[in-house]
Structure formats: C-alpha cells, structure tokens
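Scroll down for the structure; my scribbles are underneath it.
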Amino acid sequence: MARVTRISQASPDRVEVRGRDLTTDLMGRLSFTDYAHLLLTGREPTDDERFFFDLLLVSIAEHGLMPSNVAARITLAADPGSLHGAVAAGLLGAGPVLLGTAETCALLLGGLQARVADGEEPEAVARETARRLHGAGDRLPGFGHPLHRPVDPRAERILELADERGVSGPHVRLARSLRDAAADIWEKPLPMNVSMPIAAVLLDLGYEAAVVKAVPILARTAGLLAHLVEERQEPLGFALAAAAENAVEYERDET
C-alpha cells in the first residue's frame, strides 16, 4: 500500500499545497488564518469559520509571563542563538493544564454530546459529570482560573460572539450547563476559562478535537516569538530564573 501525504509537494518550478499552486493561487490571496485553516483541514474557511479562527487565535495568543513564556525566555537567555529551541521550550508545556486544555475540553464535550444524542438531557448529563468529578476530587476541565474571577472575560466574549453570529450549538449549550452545574455542586462560582468556549465553538463549527488543540498552539507560538524578540532587546530571563531561586528555600535532607 502506497504511503501518501495530501498536504503539499515541491518541485523545481512549483509548490503545490492542498491541490493549489502556492505562488499563483494562494500567495497574495489568502490571509495567514485562511492558509492555516487550509493546511489543517484541506479546505478554505467559510466566513464564520474565518471569523472564529481569527477570534480564537487572538483570544489565546498572549497572557503575560505565564510558565510557557518564562521557560522560553530563560532558554533564550541561556542559549541566545537558539530562537527555535526557546520556542520549542515554551511549547513543550502544552499539556492538559496549560494550552492543551482546550483539547481536553473538546474530548469531554464530545463524550457528553454523544450521550445527549442517545437521548439524555444536556443539563442532566452536565450535572452528573460535574457531581462525579467533584466527588472524585478531580478538576472540571475548562473551569477555574487563578487570576480571572468571577469570570474570564475572554470566555464571555467568545460566547457572546458565538450567540451573535448564530453558531452556538449543542456543545456551547453543554458548556453553559457545565458552568451552571459546577457553580451549584462546588458551591461557589467557578469561572469558565477560555479553553472551554474555544472547544465548544470549534466543535459546533464541525472541527475535530485535533484541530481544537492546534489553535492554542498556533496562537501561542506568536506570543512566544513576541516574548523572545523582547528578550533580546530587554533581557528578563536570568532575572526570572533568579526570582524562582529566591522564592524557594533549600532544606537539607536529614538522613
């Protein structure tokens, strides 16, 4: 069986990407958002897909001196010639706690929507899930934030625009049902963070979970590059490393 790729092929006088000529059909016509969408999905976006791809990329690209940016800046300080290595250092932490949380939310919503499709009520499914996770001492993916309280303004804006443009569907409904259930079961407001509406809106637009995870990674790459350009102009990396060391006490192991 032949091994194939459907993304691109280069020859001496032509580069073909997803069946289109790069220089005569794509360059000068597509924005980078359109092009990223074409690369990921094999097709150009609709107006709503373009709008929300842009919106979600902007929403998650930058969030201050969070761990991924700190790791990248310290790496560049230690190896000033390794811009690519510093970007990689920042992206390697894209797991289920930071950045990769959107994929976790997408998988959760996908499983819950399968139950709804089998006849269960969204609110009941959300409540049962929240109660089960709370009872097990687990976190509810997409909820809680160390800074944004009582709401994450990014999440609220995404939901507002999804409603305005008529793309809110069953996954957005489930996200809101989880928010209501969480506030009741945790007995305190538990803010929906930006990862949950990113997942819900993308799923309602028809994307797979793999694309949901790609969006924050693509977006945060731009943020990382901004921090690394600034690191070369106004170095912070060693100061951040020193602050980390000063914040922790050494305790001798008594053996």
(request) May I ask you to say whether Arg18 pairs ionically with Glu44, meaning some side-chain N is under 4.0 Å from a carboxylate O? (result) no

(request) Could you pull out the closest heavy-atom pair between Leu108 and Pro141, with the gap in Å? (result) CD2-CD, 4.1 Å

(request) With sequence neighbours excluded, give me every ring pair (Phe, Tyr, Trp, His ring centres under 6.0 Å) pair touching residues 93-119. (result) none

(request) Would you give the length of the straight line joining atom CG of Leu224 to atom CG of Leu83, rounded to the nearest 0.5 angstrom? (result) 10.0 Å

(request) With sequence neighbours excluded, tell me which residues meet side-chain contact (heavy atoms from CB on, under 4.5 Å) with Ala77. (result) Glu231, Phe238

(request) State plainly whether one hydrophobic cluster holds both Leu107 and Val125, where clusters connect Ile, Leu, Val, Met, Phe, Trp and Tyr through side-chain heavy atoms under 4.5 angstrom apart. (result) no

(message) I'd like to check Pro45 versus Asp34 (side-chain heavy atoms, cut-off strictly below 4.5 Å). Are they in contact?
(response) yes

(message) So Pro197 and Val172, do their side chains get closer than 4.5 Å, heavy atoms only?
(response) no

(request) Count the heavy atoms of every other residue, nucleotide or ligand shown that sit under 6.0 Å from CD of Glu230, and state whether that count exceeds 12. (result) yes

(request) Supply the atom-to-atom distance Glu208 CD to Leu202 CG, rounded to the nearest 0.5 angstrom. (result) 12.0 Å

(message) Do Thr101 and Pro216 have side chains that approach each other closer than 4.5 Å (heavy atoms only, starting at C-beta)?
(response) no

(message) With clusters defined by side-chain heavy atoms of hydrophobic residues (ILVMFWY) lying less than 4.5 Å apart, directly or transitively, does Val211 cluster with Leu109?
(response) yes

(request) Only counting residues at least two apart or in another chain, list the ones meeting side-chain contact (heavy atoms from CB on, under 4.5 Å) with Val17. (result) Ser8, Val15, Leu22, Leu26, Tyr35, Leu39

(request) Grab the two heavy atoms, one from Val212 and one from Ala199, that are nearest each other, plus how far apart they are. (result) CG1-CA, 3.9 Å

(request) Under the side-chain hydrogen bond (donor to acceptor under 3.5 Å, both in side chains) rule, collect the residues that match up with Arg149, sequence neighbours excluded. (result) none

(message) Using 0.5 Å steps for rounding, measure from the CZ atom of Arg132 to the CG atom of Asp138.
(response) 8.5 Å

(message) Walk me through whether Leu65 and Val70 qualify under side-chain contact (heavy atoms from CB on, under 4.5 Å).
(response) CA-CA 6 Å; Leu65 286 171; Val70 171; 4.3 Å; yes

(request) For residues Ala102 and Ile198, report the shortest heavy-atom separation together with the two atoms involved. (result) CB-CG2, 4.1 Å

(request) Quick one: closest heavy-atom pair of Ala175 and Ala200, and the distance? (result) CB-CB, 4.2 Å

(request) Could you tell me whether the side chain of Asp25 and the main chain of Asp21 form a donor-acceptor pair under 3.5 Å? (result) no

(request) Kindly work out whether a path of hydrophobic side-chain contacts (I/L/V/M/F/W/Y, heavy atoms less than 4.5 Å apart) joins Leu218 to Leu228. (result) no

(request) Using a 4.5 Å cut-off on heavy atoms from C-beta on, say whether the side chain of Arg73 contacts that of Leu76. (result) no

(message) To check you understand the geometry: which heavy-atom pair defines the closest contact between Ile185 and Ala130, and what is its length?
(response) CD1-CB, 3.7 Å

(request) Hey, could you give me the CZ/CZ distance between Arg179 and Phe143, rounded to the nearest 0.5 Å? (result) 7.5 Å

(request) List the atom of Glu123, the atom of Ser177, and the distance in Å for their closest heavy-atom pair. (result) OE2-OG, 3.7 Å

(request) Flag yes if more than 12 heavy atoms outside Glu187 fall under 6.0 Å of its CD atom; otherwise flag no. (result) no

(request) Could you tell me whether Arg50 atom CZ has more than 12 heavy atoms of other residues or ligands within 6.0 Å of it? (result) yes

(request) Assess whether atom CD of Glu128 is packed by more than 12 heavy atoms of other residues, nucleotides or ligands within 6.0 Å. (result) yes

(request) Using side-chain hydrogen bond (donor to acceptor under 3.5 Å, both in side chains) as the criterion, list what pairs up with Glu120, not counting sequence neighbours. (result) Arg115

(request) With sequence neighbours excluded, tell me which residues meet side-chain contact (heavy atoms from CB on, under 4.5 Å) with Asp163. (result) Ser168, Arg176

Output side-chain donor-acceptor pairs under 3.5 Å for residues 51-62, partner residues at least two apart or in another chain, one line each.
unit_1 : atom_1 : unit_2 : atom_2 : d
Asp54  : OD1    : Thr33  : OG1    : 2.5
Ser59  : OG     : Leu56  : O      : 2.8
Glu62  : OE1    : His227 : NE2    : 3.2
Glu62  : OE2    : Gly64  : N      : 2.7
Glu62  : OE2    : His227 : NE2    : 2.9

(request) Under the salt bridge (charged side-chain N to carboxylate O under 4.0 Å, His left out) rule, what do Arg127 and Asp184 come out as? Steps first, then yes or no, please. (result) CA-CA 9 Å; Arg127 177 167 287 276; Asp184 185 30; 2.8 Å; yes

(request) Report the residues that fulfil side-chain hydrogen bond (donor to acceptor under 3.5 Å, both in side chains) with Arg131, sequence neighbours left out, ordered by chain and then residue number. (result) none

(message) Hydrophobic clustering (ILVMFWY, side-chain heavy atoms < 4.5 Å, transitive) - are Met66 and Val215 grouped together?
(response) no

(message) For a 4.5 angstrom cut-off between non-hydrogen side-chain atoms, does Leu178 reach Leu112?
(response) yes

(request) Tell me whether Met27 is reachable from Ile7 by hopping between hydrophobic residues (I, L, V, M, F, W, Y) whose side-chain heavy atoms are closer than 4.5 Å. (result) yes

(message) Under the rule for side-chain hydrogen bond (donor to acceptor under 3.5 Å, both in side chains), what residues qualify as partners of His37, not counting sequence neighbours?
(response) Thr41, Tyr207

(message) Going by side-chain contact (heavy atoms from CB on, under 4.5 Å), name the residues that satisfy it together with Asp152, two or more places apart in sequence or in a different chain.
(response) His145, His148, Arg154, Ala155, Asn193, Val194

(message) I need the full list of ring pair (Phe, Tyr, Trp, His ring centres under 6.0 Å) pairs touching residues 92-136, with sequence neighbours left out, sorted by first then second residue.
(response) His134-Trp186

(request) Drop me the distance from Thr129's OG1 to Leu140's CG, to the nearest 0.5 angstrom. (result) 8.5 Å

(message) Would you compute the distance between atom CD1 of Ile158 and atom CE of Met192 and round it to the nearest 0.5 angstrom?
(response) 10.0 Å

(message) Give me each pair satisfying ring pair (Phe, Tyr, Trp, His ring centres under 6.0 Å) with a member in residues 66-89, each pair once, sequence neighbours excluded.
(response) none

